[in-house]
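Below is one structure, written out as structure tokens, with a few remarks after it.
Keep in mind that this is a model prediction, so the values were computed, not measured. Heavy atoms only: backbone and side chains are in, while hydrogens, waters and symmetry mates are out.
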Amino acid sequence: MANVVGQDAAGRSTRTLRAEGALATITTEPEAPDRVRRVLEQALVFAGAALVAVYTPSEDGEQLCLVESAGVPRTLCGVRDSYSVAGHSPAAEAARGGQPVWLGPEELAAQAQARRVPARDFSLAALPVRHGAGGCLLAVSERPGGFDPDDRVCLGLVADAVVLPGQQPTADGDGEPAPDAFVLAMDTGRVRVGDDILGLFGLGPDDFDGRVETLMGLTVPEDLPSVMSVVESDHMTIGERELDFRVEQPAGPPKWLRLRGRLLQGGEGRPARLVGSVADASTLRADVTDVARVQRLATALAAAVTVREVGKAVVAALRGPLRADRIAVAELEGDRLVVVVLDPPEPDAWPDLWRAEWRAEWPDAPVRTMPTLAAVLREGRARIWSADSALETSLAEVGPGGLAMLPLSAGNRTAGACLIGWDAPHDFGADERALLTAAAGLAGQALMRARAFDAEHELVGMLQRQLLPRRLPRLPGAVAVARYLPSTAGLELGGDWYDVIPLPDNHVALVIGDVQGHSAGAATLMGQMRTALRAYAVEGHTPDVVVSHANRLLVDMESDLFATCCYVEIDLEQGSGWCVRAGHLPPVLRHPDGSTEIAESEGGPPLGVMAQADFPMSPLRLRPGTVVALTTDGLVESVEADIDEGMDHLARRLATADPADLGLVADGLLGRAPRSDDVALLLMRYEGMTLRPLRETWTVWRVPQAVGHARRFTRRTLRSWGVSEDLDTALLVVSELVTNALVHTEGQVRLDLTLVGDRLRLAVADASPRSPAKPNSIGWEATGGRGILLVEALSAAWGTLPVSGGKQVWAELGTHR
């Protein structure tokens, strides 16, 4: 015991021996519903895992389905509920090969684009389960060193100790469940139950029609939402669930029953099933109806994040038990009550004052118009008025048969108020008064917490919006719209971004990207990458060079984060484009005939991973009416579906959309976004240019007659375009621009002529990045310096643009043809 590891005589560490002892104790005990979970928890204790989960093959053998997990929420680690047995996920490889798979942060980062594994700084282990007929144990560690040798030994012990449930009831109805067991098909609601369960519900075998709704109809209405949270697949989670609820009896008080259930995922084409048992719990508990109500309210408020959710939880918890006719939950903002939830929501159900102040979706009312309520808020104590009490009209009409006012306070601060009213005379018993007092305290604390959350969430959203474009530019021959939705899973800043960059010669660059992680660092890096890509694009580089420069910049920044990006440059005159991907999703194209395709484009690695990386360009061809859709993975990936399924689903939804209004298309695509991650969406509809420019280019050789050659090329071109007037002005501007480039720069010089309608653009490009300087004053004896002044005087507009390490000096003239 003197060494650090603490080895015994056989060479095993003390930690390993302790793990063996703990697992032996669990596995030798009588089988319990939570035994698998207790075994998994030993991996958290002895192997340092942050999350551990066990999977078993589905009935058709095509999926590995989650059976149980322990540790942090799976969504934080990117762990899914199922994996394809034939896929390349670590879970599938361990299950197929029968050997452990160990992945560190570097290996996980390399697989991040496929999204089969977590994408943060995790280490991951996948081990086959010896007693699970092809099952698998998945463990995630957040420690910098990952799983050390002792951790790996302990994980092996846990995998060997996992004994998955025995033969499960089949989905096709073969076999009968035990007397106290049931099997519920989640897709149809058909349920097979044992005779003992039917007796608990007061039914005989001939009285039951096999529908779960029949059993739920015998449940006490107040307990029905809790039961529905278990028997509806949208709310049921993987693993064991236990619930106490009441059923009505022909005579006497309701009977307490205890349900234990486990959700089993079905394979391809097979429904999920809920299997479990129901037992009599009357002898296990006393009649604690009021306590149970308060507990349910506390549970609902703990899950409520926003102010609106707090109000809904209060209404749901009090409306039924109190048999109230009206409930209002309102925030106190200064001297006004801002109503969060009204039940019923119709304006006609509320007094005139409230209807007069009705604004937007919910009303707000000045506290000064209700002195009684103002006094209650000052005192901080709940007050109750019986029928026909002397109250101001705005309150008396809320509860003519009785009114309860609950100040929602936390500490010394009042966050809001809850008003509960009855139409018929109502007698307040001691149990109702206790319930109201307890509810006021719980709701006040939850409301204060939710207000802080809403304020912080708004701040985060404001910061996020400042890092994204305020508006998109107007494009010749195209329309673009963009949407951004922050994640609702937390308050951290996201790294998704988009941009639309107008380029010379009627080109446009569409950019969308995603920085790894959700933090202020990720948001900052997002802003830097967006600025860098815009700067490189405006300089005139080709798409592959733009993305390569951004990659080298991110590598040189020595950040721990990487970014993905899709960059598409489109020639709006020709309807052609180039796509470059850096670890990002490809574009989705909707053609004019309504068909869609996921553009085939070769991709490079994410930005910031490799200093020397190739980013190939893939061609795109657009016909007028084509819609280009770029998105981040938050729209197409979720715990229920992998990224390939999500992209196919996006393409199908885009095919059914009407491209006439891109705003409505974008809103429709985002309508069902999972919101577990940030979502950025960029759409562009290519319409084609009705007025296509005329263009010609001339390479200016450095010879004595260079300016004369340029003038002759300009005269010949303009005459072929039908430009006869203002020809001398155009020739003089060309002479000055070309002379300036030849005298003050070195390298190649190019003359570009463009005619769009009645606007003639003359541009000379050279290899010098320095812009021409306009002199402040010129003496009579000066021999130069007048060229730029002449260009400015003769042109409607002039300027310079950076072009691939050099510049372009341009001037525009009005013409007549």
Side-chain angles (χ1 to χ4, degrees), residues 464-485 494-515 526-547 549-550 563-582 584-590 599 601 607 617-618 620 622 624-632 634-635 650 654 659-667 669-670 678-689 801-802:
Q464 187 79 55
R465 289 190 293 271
Q466 293 297 320
L467 296 172
L468 295 173
R470 291 190 176 184
R471 62 181 62 88
L472 299 184
R474 301 187 62 172
L475 303 175
V479 177
V481 300
R483 296 290 187 270
Y484 171 80
L485 287 180
D496 292 15
W497 89 90
Y498 60 85
D499 207 352
V500 177
I501 309 171
L503 300 174
D505 299 332
N506 294 320
H507 284 225
V508 64
L510 309 178
V511 190
I512 200 161
D514 185 2
V515 176
M526 176 266 282
Q528 293 171 321
M529 295 310 299
R530 175 180 167 243
T531 302
L533 283 164
R534 174 173 280 267
Y536 295 138
V538 172
E539 282 186 351
H541 300 295
T542 58
D544 56 340
V545 174
V546 170
V547 177
H549 284 355
T564 63
C565 169
C566 183
Y567 183 99
V568 178
E569 182 174 327
I570 298 175
D571 184 343
L572 297 175
E573 297 178 11
Q574 304 296 329
S576 59
W578 295 97
C579 173
V580 177
R581 293 194 302 123
H584 201 84
L585 302 173
V588 179
L589 303 181
R590 185 193 189 277
S601 55
L607 305 178
M617 296 195 304
S618 301
L620 297 176
L622 309 181
T626 300
V627 175
V628 182
L630 303 176
T631 186
T632 55
L635 179 62
L650 172 63
L654 189 60
D661 190 330
L662 280 190
L664 294 178
V665 174
D667 294 338
L669 294 177
L670 295 181
D678 292 5
V679 177
L681 176 65
L682 179 58
L683 302 178
M684 190 200 79
R685 183 181 67 243
Y686 173 67
E687 300 172 341
M689 298 185 62
L801 290 172

Between atom CG of Leu503 and atom CZ of Arg534, what is the distance when rounded to the nearest 0.5 Å? 9.0 Å

To check you understand the geometry: which heavy-atom pair defines the closest contact between Gly477 and Met689, and what is its length? CA-CG, 4.2 Å

Go through the steps to decide whether Ile570 and Leu620 satisfy the test side-chain contact (heavy atoms from CB on, under 4.5 Å), and finish with yes or no. CA-CA 8 Å; Ile570 298 175; Leu620 297 176; 5.5 Å; no

How about Tyr498 and Leu681: do any of their side-chain heavy atoms sit closer than 4.5 Å? no

Is there a side-chain contact between Trp578 and Ser618 in this structure, where contact means two heavy atoms from C-beta onward sitting under 4.5 Å apart? no

Val628 vs Tyr686 side-chain heavy atoms within contact, under 4.5 Å: no

In terms of heavy-atom contacts, His584 and Cys565 come closest through CB-O, 3.3 Å

Going from CE on Met529 to OG1 on Thr564, what distance comes out if it is rounded to the nearest 0.5 angstrom? 10.5 Å

With sequence neighbours left out, what residues match Asp544 under salt bridge (Lys or Arg N to Asp or Glu O under 4.0 Å)? none

Are Val665 and Arg685 close enough, and set up right, to give a side-chain contact (heavy atoms from CB on, under 4.5 Å), and what steps lead you there? CA-CA 11 Å; Val665 174; Arg685 183 181 67 243; over 6 Å; no

Tell me every residue that passes ring pair (Phe, Tyr, Trp, His ring centres under 6.0 Å) with His549, counting only those two or more places apart in sequence or in another chain. Tyr536, His541

Between Val500 and Ala480, which heavy-atom pair has the shortest distance, and what is it? CG2-CB, 4.4 Å

With rounding to the nearest 0.5 angstrom, report the CZ to OG1 distance, Arg483 to Thr631. 13.0 Å

When rounded to the nearest 0.5 Å, the distance separating OG1 of Thr531 from CE of Met526 is 9.5 Å

Shortest non-hydrogen separation from Pro469 to Arg530 and the atoms involved: CG-NH2, 3.4 Å

Drop me the distance from Leu635's CG to Leu630's CG, to the nearest 0.5 angstrom. 12.0 Å

For Val568 and Pro587, work out which heavy atoms get closest and say how close. CG2-CG, 4.0 Å

Short side-chain to backbone donor-acceptor contact, His507 and Gly577, under 3.5 Å: no

Minimum heavy-atom distance between Asp499 and Leu682, given as atom pair plus value: O-CD2, 3.7 Å

How far does CG of Leu662 sit from CG of Leu669, to the nearest 0.5 angstrom? 10.0 Å

Of Cys566, Ser601, Cys579, the residue whose pairing with Pro586 passes side chain to side chain contact (heavy atoms under 4.5 Å, CB included): Ser601

Stepwise, does the side-chain hydrogen bond (donor to acceptor under 3.5 Å, both in side chains) test hold for Thr632 with Asp496? CA-CA 7 Å; Thr632 55; Asp496 292 15; 2.8 Å; yes

Contacts of type side chain to side chain donor-acceptor pair (under 3.5 Å), residue Asp505, not counting sequence neighbours: Arg695

